[in-house]
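Single-structure report; data block below.
In listed order, ligands and their atoms are each counted from 1. Just the heavy atoms: all of them, side chains too, but no hydrogens, waters or symmetry mates, feed the values below.
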Amino acid sequence: MTGLSSEVDVAVIGAGAAGIGAARRLREAGMVSVVVLEARHRVGGRVHTIAPKGFPLDRGAEWLHSADRNPLSSIARSLGFSIHRRPPEWTTRLRRSGETIEAEAEWIALREAQSRARRQAAAEPADRSLASLLSPGGRWNPLLDATSTWGNGAELDRVSVKDNVRYEDSGTNWRLGEGYGRLIETLAEGLPMSREAPVSRVDHRGRQIRLETARGTVSAARAIVTVPTSIIAQEVMRFDPALPDKLAAAAGLPLGVDDKLFISLKGPIPGLEDGSYLVGSTTSRETMSYQVRPLDRPAVYCFCGGRFAAALEREGEGAMFDFAAGELTRLLGSDVRKRMAPLASTAWLQDPWARGSYSYALPGHADDRAVLAAPVDDRLFFAGEACSPNFFSTAHGAWLSGIAAAEAALASLRPAAADR
Ligand SMILES: Cc1cc2nc3c(=O)[nH]c(=O)nc-3n(C[C@H](O)[C@H](O)[C@H](O)COP(=O)(O)OP(=O)(O)OC[C@H]3O[C@@H](n4cnc5c(N)ncnc54)[C@H](O)[C@@H]3O)c2cc1C
């Protein structure tokens, strides 16, 4: 492994937000040798900024969710990143989507009632799905389902109530002018890293852990696993001896599907404030959420999730664009069609090193996050968004889980270090 030691104190598997957070914490502590093993040619994982037309586009994480409690907010500020604090008007997008103000108020009240019902249901002994709280035939059920696919990556019938209410949302959401991916890239600078080194086997039979990668074998006293649950559940990376509890927990926490389409848009939309949000349809679960000219950029950001997004991914960018252009034309008038062209799109389910977007818990599997996060023999540690008890599915949840795993690994090494 050119330029890298093949024997280290701690190997971190995966250079996403969790892996970078872990590696930085280990480096800060000093005294331990570290290597980050990353499957891709780039760092960041599900946080990735591109700039095909000169302005940044976040293919994955974009929002500093719970920004007032998110440690990456102050880190970004200290590194000179520009922070946009304009709140996203997610709750008021119906009035621009063909609904009256009264209907929008009914929708907002229903969302609040659903939120109360979820908290009540979560206090019951048995877990159940979010869909079990719907009124049969309810007028807003399709939109509630679509909203679940945007938030959870999955329809309401797939999502655990108990897990869903554990997510902590402060309600403050900010964005970085330069892109979230650029922040994670900046934080990765200078870390000992081996790219294009997918780990296929974690052999923890002997005193040293042996990590088989496409670029050779690394021997480590400790390993921090930060790969997505899909990679564990589908056994793209295997443990030897097998870890059935981890396999089951990863399967209980599948990655949902969320995808983005970026459309270039010439000129403003008369009567529509820049940065406005729209919903393609308030009566179909197969619809997209749109932001028109976000951050004054000549673009529309389109977002879709769940089974609908999985199907669009398979059809490709052309199908995604046709769908979005159809919905936008219906809402904004036919003139807008000639001013739009596809700019970029994502296919996170087909991405071999993600295989999905972010984790949700299946009904009955809320406690799988703690099972997944638990260390094995105080030598194998686990991090990543799915391990976060309260900020799962986010980049800052991943980051914090990485720091926690690094601290646990350091604590486990201290007695050994004292013996030297
Ligand atoms: C469309 C979309 C929108 C999102 N929006 C937001 C948002 O606005 N705000 C927010 O906070 N979060 C958002 N998220 C979620 C956020 O991106 C993730 O929760 C977070 O980035 C996960 O970080 P992680 O380190 O746990 O995993 P990852 O980022 O997946 O990192 C794991 C790393 O492991 C690597 N890897 C995989 N297999 C192997 C292997 N066998 N060997 C070595 N390396 C391997 C991967 O390449 C990857 O780099 C979004 C995600 C998507 C897809």
Side-chain angles (χ1 to χ4, degrees), residues 11-23 35-48 57-67 70 72-73 88 150-153 167 169 173-176 179-181 183-184 188 193-202 211-215 218 223-232 234-238 253 255-261 301-305 309 313 345-349 351-360 372 382-388 391-402 405:
V12 178
I13 309 175
I20 302 300
V35 67
V36 183
L37 302 169
E38 168 53 48
R40 304 174 196 264
H41 68 281
R42 62 168 181 85
V43 302
R46 286 172 273 164
V47 195
H48 183 209
L57 299 172
D58 276 310
R59 298 179 65 250
E62 173 177 352
W63 293 93
L64 289 159
H65 289 311
S66 297
N70 183 331
L72 291 165
S73 302
W150 304 332
N152 305 309
Y167 180 75
D169 181 4
N173 299 286
W174 298 339
R175 275 191 285 199
L176 296 172
Y180 215 146
L183 174 64
I184 302 298
M193 177 96 55
S194 186
R195 297 168 200 238
E196 297 184 66
V199 177
S200 52
R201 186 157 164 262
V202 178
L211 303 166
E212 288 176 13
T213 85
R215 298 184 54 201
V218 173
I224 301 180
V225 176
T226 77
V227 301
T229 52
S230 51
I231 299 291
I232 297 175
Q234 295 169 32
E235 297 194 86
V236 178
M237 190 187 79
R238 289 169 189 270
L253 301 167
L255 298 195
V257 187
D258 280 288
D259 277 310
K260 297 185 182 184
L261 167 71
Y301 292 2
C302 319
F303 198 79
C304 58
E313 264 194 28
S345 61
T346 66
W348 285 104
L349 184 60
D351 179 313
W353 303 114
R355 299 176 181 230
S357 299
Y358 31 85
S359 69
Y360 63 94
L372 186 66
F382 290 79
E385 55 87 10
C387 294
S388 170
F391 292 133
F392 47 83
S393 77
T394 68
H396 65 287
W399 173 263
L400 286 167
S401 75

Please state which protein non-hydrogen atom is closest to atom 8 (O) of ligand 1 and give its distance, to 0.1 Å? Trp63 N, 2.8 Å

Any N or O of Gly356 that comes nearer than 3.5 Å to an N or O of ligand 1? no

Does an N or O anywhere in Glu38 fall below 3.5 Å from an N or O of ligand 1? yes

Lys/Arg-Asp/Glu bridge criterion (N-O < 4.0 Å) met for Glu196, Arg215: no

Using the ring of each side chain (for Trp, its six-membered ring), is Phe391 parallel, tilted or perpendicular to Tyr167, with breaks at 30° and 60°? perpendicular

Just jot down the side chain to side chain contact (heavy atoms under 4.5 Å, CB included) partners of Ala383, sequence neighbours excluded, or say none. Ala18, Ile224, Thr226, Ser401, Ala405

How far is atom 37 (C) of ligand 1 from the closest protein heavy atom, and which atom is that? Trp353 O, 3.6 Å

Is there at least one pair of N or O atoms, one from Tyr358 and one from ligand 1, spaced under 3.5 Å apart? no

Nitrogen or oxygen atoms of Asp258 and ligand 1 under 3.5 Å apart: no

Test your reading of the structure: does Met237 have an N or O sitting under 3.5 Å from an N or O of ligand 1? no

Sequence neighbours left out, what passes salt bridge (charged side-chain N to carboxylate O under 4.0 Å, His left out) with Asp58? Give chain and number order. none

Any heavy atom of Arg42 sitting closer than 4.0 Å to ligand 1? no

Contacting atoms of ligand 1, where contact means under 4.0 angstrom from a heavy atom of Trp348: 1 (C), 53 (C)

